[in-house]
There are 2 protein chains.
Amino acid sequence: MDKRATIKDVAEAAGVGVATVSRVLSGGSASPRTRERVLAVAAQLDYRPSALGRNLRQRRTGGMGLLVPDLTDTFHAQLAEGVLACARAAGEPVVLGSTAGDPEQESELIGMLLEQSVDRLIAVPSGDEDTWAPAIRAGMTVVFADRLPARPSSDEDDDPAATAVNDLMLLDGVSSGSRPRPLDAPSVVADDRAGIRTAVRYLRGLGHRRIAFLGGPGHDRRAAAFGAAVGAPVDEELVVFATGSRDSAYAAASGLFQSRPDLSAVVAGGNVLGEAAVLAARELDLRVPRDISLVMYDDVPWAELCSPPLTVIAQPGRDMGYRAAELVLRSGGRRPRGVMLPTELIIRGSCGPHRQ
Amino acid sequence: MDKRATIKDVAEAAGVGVATVSRVLSGGSASPRTRERVLAVAAQLDYRPSALGRNLRQRRTGGMGLLVPDLTDTFHAQLAEGVLACARAAGEPVVLGSTAGDPEQESELIGMLLEQSVDRLIAVPSGDEDTWAPAIRAGMTVVFADRLPARPSSDEDDDPAATAVNDLMLLDGVSSGSRPRPLDAPSVVADDRAGIRTAVRYLRGLGHRRIAFLGGPGHDRRAAAFGAAVGAPVDEELVVFATGSRDSAYAAASGLFQSRPDLSAVVAGGNVLGEAAVLAARELDLRVPRDISLVMYDDVPWAELCSPPLTVIAQPGRDMGYRAAELVLRSGGRRPRGVMLPTELIIRGSCGPHRQ
DNA sequence: CTTGTCCATGGAAACGATTCCATCATGCTT
DNA sequence: AAGCATGATGGAATCGTTTCCATGGACAAG
């Protein structure tokens with residue numbers, strides 16, 4: 001009914017021009033007298049500048065986009081909470097999208113954000129670099145969180161492990177140059193290599209030799225780190241990938257347990273995979289940690305609820321989100337190359353000594 | 001670099017006026033010949049209309065806001081996924097905010113949305129009706145999900161005049177009683193009364209007589225339903241409330257178990273409370289279900305992981321989000337009064353017969 | 001006293017869409 | 001054949017803000 005006051009209303013009521021009001025409100029120069037009057041009138045009229053007008057004029061929307069594969073994955077929820085906390089502190093809106101791990105939906109959402117002139121984006125990417133190139137080319141400031149887009153599928157070498165090794169080398173700056181450079185976007189990731197390595201060493205210290213890795217989409221780095229930590233001849237059957245869904249994760253875990261009864265320990269690459277592993281183990285009457293030891297990547301509240309409580313590799317999900325938001329907001333001028341946060345092995349009760 | 005094409009570019013390239021382009025693109029009338037040419041040119045220029053211009057002209061932003069207390073509460077994540085699914089289908093953006101259960105933050109976020117001219121909002125409210133009245137008065141279409149805002153705290157020292165004014169604004173018809181009518185906003189809730197009733201009956205059927213309710217913010221309805229189901233003289237010590245945080249939930253659960261050793265069953269009002277109950281029980285060496293039976297409101301993936309798996313009252317979180325989004329989008333003309341979705345008691349293993 | 005500098009200020013032009021309205025051509029009715 | 005209805009079309013106004021630029025006054029230096 002009573003539509004909001006515009007800058008024009010304020011200007012008239014204060015007996016000044018709109019330009020002056022705009023200047024006062026955005027910190028420009030004005031005489032103390034004028035400033036005071038304008039502020040008083042604005043407050044009295046409960047004037048709030050419309051983001052619409054400003055955005056159109058400045059040809060960009062404030063705030064940021066956030067794209068995650070699945071909010072019911074607790075890690076993504078933690079990440080999102082971190083992003084929201086930072087955005088709230090800055091008074092900026094966050095436009096959220098969930099991609100279900102599908103590059104096509106991801107592309108569509110990028111398009112939607114482009115249409116909204118949202119030019120800052122935080123993403124846990126599902127698509128590969130080809131999916132992301134358009135966004136960056138369109139001038140978006142993109143910060144990747146948790147993982148980087150995969151290299152474009154170059155037909156013959158779509159072996160995840162091999163691709164991951166490539167990523168790893170490139171990240172370390174050891175790239176020998178035949179592949180194109182990664183996209184020019186900073187990232188906030190956890191040091192999952194170290195986390196996985198620590199976990200594998202821990203398991204080996206307990207006597208485990210047949211250790212499997214249960215991964216999901218985007219866990220290539222972790223799989224590669226697993227391979228490196230386990231040692232040279234990796235039994236390929238022991239590295240299993242699921243697609244994003246819980247069903248697929250369960251099927252992968254169950255299949256792994258059934259096909260490899262010699263298995264004595266599993267590293268799950270994420271909390272959804274860990275969940276599936278616990279479920280599948282119970283279904284097959286495998287006792288944790290008596291029959292099988294389990295380490296899960298991601299610390300989530302329910303990890304403590306399992307019996308026994310799950311030993312996990314914790315990564316600071318909330319912090320990662322917060323840092324990513326900081327990065328994408330302070331994109332003035334130079335962008336730092338990226339941030340890597342530490343992981344921590346939290347030993348609870350899901351790993352025991354190897355028994356033959 | 002290469003900024004996006006505007007409607008003017010398309011118009012020039014197609015040799016028509018901007019009005020014609022606009023009409024063609026938004027389904028207005030145009031001759032087949034013109035339509036074809038405009039569409040061809042638009043496609044060739046990769047033209048995408050800017051939401052900024054449209055929104056300013058129409059004085060409203062498309063899409064919707066979504067306010068939840070905490071995304072790491074799995075139920076809220078499910079709800080959000082539902083909202084996002086519907087929004088994606090409609091091609092509309094979703095602006096997300098998390099309130100941490102704090103009415104003040106909620107108010108600020110409402111203000112931010114108002115500034116963005118987001119005039120559709122789905123909320124799991126934390127504040128009371130006084131918090132929400134401004135949003136509705138400002139013309140927002142609000143749909144509440146999961147719960148309704150509490151009645152305003154009618155403190156005895158409230159300024160009578162102010163209260164009267166408030167009442168007047170809230171009233172949308174003739175006031176027949178002393179209380180103002182609820183806010184005029186539809187809602188999507190689960191039939192938690194029935195769910196709680198079923199759970200209590202189930203527990204009583206197992207022989208339990210000392211049953212407690214462990215609630216969190218916004219669980220008043222559930223607490224009331226619990227009281228009604230348990231029967232007339234409700235032991236007030238057996239209805240305990242926590243604030244939003246996990247720590248508070250744990251403290252409440254732990255305190256309850258310690259102060260009432262005669263307790264034989266607990267109904268947790270939400271998954272965060274259930275989590276706390278499991279944790280507190282384990283800490284105090286109470287075995288579930290031997291020493292204490294537990295029913296948790298909300299079905300979440302990890303409920304099956306506990307040992308024993310948790311008996312839960314399931315509510316369709318994702319559906320609720322989807323329905324709420326539908327409701328807020330199809331707000332053309334009449335709004336249905338609200339939707340209530342069924343709950344279901346899923347019996348797993350956390351309840352056993354009462355043993356003295 | 002004049003000239004030049006420096007602010008404060010307001011008018012007006014963007015920004016990119018939608019939409020009202022006037023114009024014009026076409027085809028039909030009388 | 002004239003008048004009228006219909007439909008396609010483009011010009012221009014509009015949304016609310018920021019920002020460029022011109023104006024005018026005050027004050028200091030010459």
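Convention: sequence-line order gives letters A, B, ...; per-chain numbering from 1. Keep in mind that what you see is a predicted model, and the values were worked out from it rather than measured.
At least one side-chain heavy atom of B:Met320 sits under 4.5 Å from a side-chain heavy atom of B:Phe75. Between A:Met140 and A:Trp132 there is no side-chain heavy-atom pair separated by less than 4.5 Å. Counting only heavy atoms from C-beta outward, the side chains of A:Val38 and A:Val16 approach each other to under 4.5 Å. With a 4.5 Å cut-off on side-chain heavy atoms, B:Val83 and B:Tyr322 do not count as touching.
Rounding to the nearest 0.5 Å gives a distance of 8.0 Å between OG of B:Ser50 and CZ of B:Arg54. Rounding to the nearest 0.5 angstrom, the gap separating the CD atom in A:Gln105 from the CG atom in B:Leu84 is 10.5 Å. Atoms CG and CZ, from B:Asp119 and B:Arg59 in turn, are 12.0 Å apart once rounded to the nearest 0.5 Å.
The shortest distance between the side-chain N/O atoms of A:Ser22 and the OP1/OP2 oxygens of D:dT17 is not below 4.0 Å. For B:Thr20 and D:dT9, the shortest distance from a side-chain N or O to OP1 or OP2 is not below 4.0 Å. Distances shorter than 4.0 Å separate none of the side-chain N or O atoms of B:Arg59 from OP1 or OP2 on D:dC15.
As judged by a 4.0 angstrom heavy-atom cut-off over every strand, B:Leu52 is placed among residues making no nucleic acid contact. At a threshold of 4.0 angstrom between heavy atoms, the contacts of B:Gly53 include nucleobase atoms, whether or not backbone atoms are also involved.
Spacing between atom CZ of A:Arg57 and atom C1' of D:dG16 amounts to 12 Å, rounded to whole angstrom units. Going from atom CG of B:Asn55 over to atom P of D:dT17 covers 15 Å, rounded to whole Å. Residue A:Gln58 contributes atom CD, which lies 15 Å from atom C1' of D:dC20 at whole-angstrom precision. As a whole-Å value, the separation of A:Lys8 NZ from D:dA13 C1' is 12 Å. If you measure from atom CD1 of A:Ile7 to atom P of D:dC15, you get 14 Å, rounded to the nearest angstrom.
Using a 4.0 Å cut-off on heavy atoms, the residues of residues 31-39 of chain B that approach DNA chain D are B:Ser31, B:Thr34, listed by number. Of the residues in residues 107-121 of chain B, not one comes within less than 4.0 Å of DNA chain C through any heavy atom.
For the side-chain contact (heavy atoms from CB on, under 4.5 Å) with A:Val95, the lone residue among B:Val94, B:Val95, B:Leu96 that qualifies is B:Val95. Here the rule is side-chain contact (heavy atoms from CB on, under 4.5 Å) with A:Leu67, and of A:Val124, A:Ile122, A:Ile110 only A:Ile110 fits it.
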Audit row: A:Thr131, A:Glu106, side-chain contact (heavy atoms from CB on, under 4.5 Å) steps and yes/no: CA-CA 8 Å; A:Thr131 306; A:Glu106 194 169 65; 3.8 Å; yes

As a quick check of understanding, evaluate side-chain hydrogen bond (donor to acceptor under 3.5 Å, both in side chains) for A:Glu81 and B:Ser98, giving each step before the final call. CA-CA 7 Å; A:Glu81 278 287 338; B:Ser98 120; 3.1 Å; yes

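On the nucleic acid side, DNA chain C has its first and last nucleotide under 4.0 Å of a heavy atom of chain B at C:dG16 to C:dT19, going 5' to 3'.
Across all non-hydrogen atoms, the minimal contact from B:Ala80 to B:Leu71 is CB-CD2, 4.2 Å.
Checking D:dG10, D:dA8, D:dT19 against the side-chain heavy atoms of B:Arg23 singles out D:dG10 as nearest. Checking D:dT9, D:dA12, D:dC15 against every side-chain atom of B:Ala30, the shortest atom distance belongs to D:dT9.
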